[in-house]
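These notes concern the structure reproduced below.
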Amino acid sequence: MSGERIIDRANLNGIESNIRNLRAEIGVVAQQIRATDHNVQVVHQGVVGAQQRLDQLTNEFVAVQQGLDDLTHEFRDFVRKDILFKELQLAETRLVKIRQEIETNFGHYNEVRRRVTGILQAVDVRLVKKETIENTTEEHMLAAPRYWLAPCLIALAAWLNDNKELAERAMMEAISRNDEKTALFFALVTRRGSRYKASRQWLDRYFGLQDPQNLEREIIVLIDGFTNGIFGPEARSQVGKRVEDWIEELSQRQGFIEEQTKQWRAILNAKQRKLDDGAYSFLRKHSSTWPQLEASMMGAKLHTILSDYFKDILNQPILPHASIAIAVDALLDTLVSKFDDEELPLRRDERLQQLIVEESGDRNAAQNRFNLEKVLEKKVSFTQLLTNFATNPEVSQASAATQKYAVALSKDWIRQAHDDMTLDNRMNVPEKIQIEIDDWSGSTVNGDNESELLEQLTKHVEARRDADLKKLRHKIMHWAGLAVGILMLIAAIAAPPLLFLGGGGIAYFFFKTYRLRKARAKVTEEYKQFLQQCQDMLRAVLSDVVDWRNDYGVEDGHSVLVTQLLESVTPEHYTFSSYDSARNVLKS
């Protein structure tokens, strides 16, 4: 027994020695753990501080970037406005100079022009001697050696004085200077004097000089006289037949219908108007399909614009002059003051500058309008003249009656262009409308799949939430702290001081657990609010989709308004057989 006790004591001494060694080693480990924990805390604090600083820098960068973008936008807007302002000033200055140049170079023509109607009106009231008229006209012949109207003035004075020889010589000189204008001038003058036979002869001469593919611009004066009944019933039939022949001749050309349709399509398209910026605001912001939707809606709304446009033309009142003499004088004034080829280059430049002013300095828009008008060309086809009359009467010098007549003659081309535009617009309406909210995307046709899209959106947001929550979990060092804490507690059975180390490791783990739970709760709440915002946004977009589809259906249905209006128009409705009957019709 004593031997066994000796062995036990020996063993106990060894065990105690080992425990002391273990205690010492655990003390070292504890110090290392404390040092490691301290280092971990320092590193963690450093990482947190660095993350906060990084977040701060990121926010500052985003703010700077946004400010830079705003500044860039403001600068570009400033540059654009500055360019437009300078172009506007330049156009206004150029406009004044052009008009001064016209006055300087061709101002003496104005006196000749004024004399024409002055002589005719003086003869009406018989207050001026024929000799006085003859003497004054000779002076203007000397002052305007190249002007076609000067010999016409001489011929008119000689005609009034029964000087046949001088009248014929002057007419021949006028014809040599400008045959077409002279023929049209005397057609009007003889009609004013009720010389119907002579007027028809001059009209025949004028028609004989015309090529429907290359007409002079002053043809407008003839058409104006025709539509307003100036030339009487016989001439009306003559001019009407000639117009029909011109259109028939032009229609035989290959590609003519397509060319007219294309031209009218460009003109009609130019009347489109941008949608209000506040229209369909959610759809505008959250759909990549919006540009197509906007173009389709603008095309649909064009039907009403065109219907109102042509109604305004066809329903505008025509106020005839008090007498045939005044009516012819107005046409003569247009002929002699608006269509001189020498002034044409300056008139073109004047028109372009005027368009730049109207477009507030936008030269490109003005140039596009100028190219589309083709009003100030020296020679154009008859159909181009009809287009000019219908769309730019104030520039082409067409009367209201002529504008109506031009629309009536062009109705088939207008309707074809409108039908083609309508068909293309309907074909370009998107079947599916894409929706993008944050990083989620979906699609709808009519906005009636709200439940399906809400489910998709919810799953997408929840997947993002779950992914972010997954990142908020214990890291290795957290589990290491827990493991060391448990080991220290076990070791504390033999070495009670280790109890504090074990408790600290476990406390560290549960503290991190608390922080993670709090962070996860915050993320969950944020995603809950975010999901609600996304769902509300989706409902608003779908509401816009429903409104867009309904509005498009209504606007597209207005296409029949244009078709019905054009079908009811005939050229005969907008011409008068004589001036007197025209006055009677317009008064009734």
Side-chain angles (χ1 to χ4, degrees), residues 261-262 264-312 414-464 530-567:
T261 302
K262 181 180 178 181
W264 270 106
R265 183 165 181 169
I267 292 170
L268 299 183
N269 262 325
K271 298 190 178 298
Q272 284 191 1
R273 297 292 179 266
K274 283 285 186 182
L275 300 183
D276 182 70
D277 290 339
Y280 316 106
S281 57
F282 296 101
L283 190 57
R284 184 190 298 265
K285 184 178 180 181
H286 295 285
S287 176
S288 58
T289 319
W290 173 249
Q292 296 169 261
L293 296 172
E294 183 180 31
S296 296
M297 183 60 75
M298 287 170 57
K301 285 182 174 291
L302 184 60
H303 301 314
T304 302
I305 295 174
L306 295 179
S307 176
D308 293 341
Y309 172 72
F310 287 117
K311 278 182 182 177
D312 289 343
I414 299 173
R415 186 172 57 188
Q416 184 63 53
H418 176 257
D419 289 346
D420 290 350
M421 290 167 57
T422 301
L423 180 60
D424 287 349
N425 193 56
R426 289 171 179 170
M427 292 178 63
N428 290 330
V429 174
E431 180 181 357
K432 285 189 176 182
I433 298 175
Q434 297 299 318
I435 302 174
E436 296 87 21
I437 298 176
D438 201 70
D439 62 342
W440 173 84
S441 63
S443 65
T444 184
V445 176
N446 298 313
D448 55 359
N449 57 335
E450 179 179 326
S451 299
E452 176 187 345
L453 293 178
L454 283 173
E455 183 180 354
Q456 294 176 10
L457 176 61
T458 301
K459 287 182 178 179
H460 175 81
V461 173
E462 288 178 347
R464 277 184 54 182
F530 176 68
L531 176 59
Q532 185 63 48
Q533 293 173 357
C534 290
Q535 289 174 338
D536 292 342
M537 191 67 67
L538 176 58
R539 292 187 181 97
V541 173
L542 293 176
S543 177
D544 273 358
V545 170
V546 173
D547 291 343
W548 190 94
R549 293 291 189 188
N550 291 337
D551 293 345
Y552 177 84
V554 172
E555 296 293 346
D556 184 64
H558 291 157
S559 63
V560 298
L561 298 177
V562 181
T563 303
Q564 291 172 353
L565 179 64
L566 293 174
E567 285 178 349

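- With sequence neighbours left out, Gln272 forms a side-chain hydrogen bond (donor to acceptor under 3.5 Å, both in side chains) with Asn269.
- The distance from the NZ atom of Lys459 to the CG atom of Leu531 is 13.5 Å, given to the nearest 0.5 Å.
- Taking 4.5 Å as the limit, every side-chain heavy atom of Asn425 sits out of range of all side-chain heavy atoms of Leu302.
- Between Asp438 and Arg464 there is a salt bridge, with a side-chain nitrogen of the basic residue lying less than 4.0 Å from a carboxylate oxygen of the acidic one.
- If you take CD on Glu455 and CD on Gln535, they are separated by 11.5 Å, rounding to the nearest 0.5 Å.
- Closest heavy-atom contact between Ala417 and Trp264: CB-CB, 3.9 Å.
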May I have the list of side-chain donor-acceptor pairs in residues 554-567 shorter than 3.5 Å, sequence neighbours left out?
from, atom 1, to, atom 2, distance (Å)
Glu555, OE2, Lys301, NZ, 3.4
Asp556, OD1, Arg426, NE, 3.0
Asp556, OD2, Arg426, NE, 3.0
Asp556, OD2, Arg426, NH2, 3.2
His558, ND1, Thr304, OG1, 3.0
Ser559, OG, Arg426, NH2, 3.2
Ser559, OG, Asp556, O, 3.1
Thr563, OG1, Ser559, O, 3.4

List the steps, then state whether side-chain contact (heavy atoms from CB on, under 4.5 Å) holds for Leu423 with Met427.
-> CA-CA 6 Å; Leu423 180 60; Met427 292 178 63; 4.2 Å; yes
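- When each of Asp547, Asp544, Asp551 is tested with Tyr280 by the rule side-chain hydrogen bond (donor to acceptor under 3.5 Å, both in side chains), just one qualifies, namely Asp551.
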Does the side-chain contact (heavy atoms from CB on, under 4.5 Å) test come out yes or no for Val461 and Trp440, once each step is laid out?
-> CA-CA 8 Å; Val461 173; Trp440 173 84; over 6 Å; no
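- At distances below 3.5 Å, not a single donor-acceptor pair connects side-chain atoms of Ser287 with backbone N or O atoms of Ile435.
- Here the closest non-hydrogen pair linking Val429 and Ser296 is CA-OG, 3.7 Å.
- In this structure, Val545 and Ile433 approach most closely via the heavy-atom pair CG1-CD1, 3.8 Å.
- Separation of atoms CG (Asn446) and CD (Glu431) is listed at 9.5 Å; rounding is to 0.5 Å.
- Checked against side-chain hydrogen bond (donor to acceptor under 3.5 Å, both in side chains), Asp420 has the following partners two or more places apart in sequence or in another chain: Gln416.
- Panel note: side chain Thr422, backbone His418; a donor-acceptor pair is recorded below 3.5 Å.
- A distance of 13.0 Å separates NZ in Lys285 from CG in Leu283, rounded to the nearest 0.5 Å.
- Glu452 is linked by a salt bridge (charged side-chain N to carboxylate O under 4.0 Å, His left out) to nothing, counting only residues two or more places apart in sequence or in another chain.
- Residues Glu294 and Arg284 meet the side-chain proximity criterion, which asks for heavy atoms closer than 4.5 Å.
- A distance of 10.0 Å separates OG1 of Thr289 from CH2 of Trp548, quoted to the nearest 0.5 Å.
- Partners of Glu436 by salt bridge (charged side-chain N to carboxylate O under 4.0 Å, His left out), not counting sequence neighbours: none found.
- Note on residues 265-283: pairs passing salt bridge (charged side-chain N to carboxylate O under 4.0 Å, His left out), not counting sequence neighbours, are Arg265-Asp424.
- The closest side-chain heavy-atom distance from Phe282 to Asp536 is not below 4.5 Å.
- Taking both residues in full, the closest heavy atoms of Lys432 and Ser443 are given as CD-OG, 4.1 Å, listed atom of the first, atom of the second, then distance.
- Annotation: side chain of Arg539 is in contact with side chain of Leu454 (closest heavy-atom distance under 4.5 Å).
- Residue Leu293 holds its CG atom at 10.5 Å from CD of Gln434, rounded to the nearest 0.5 Å.
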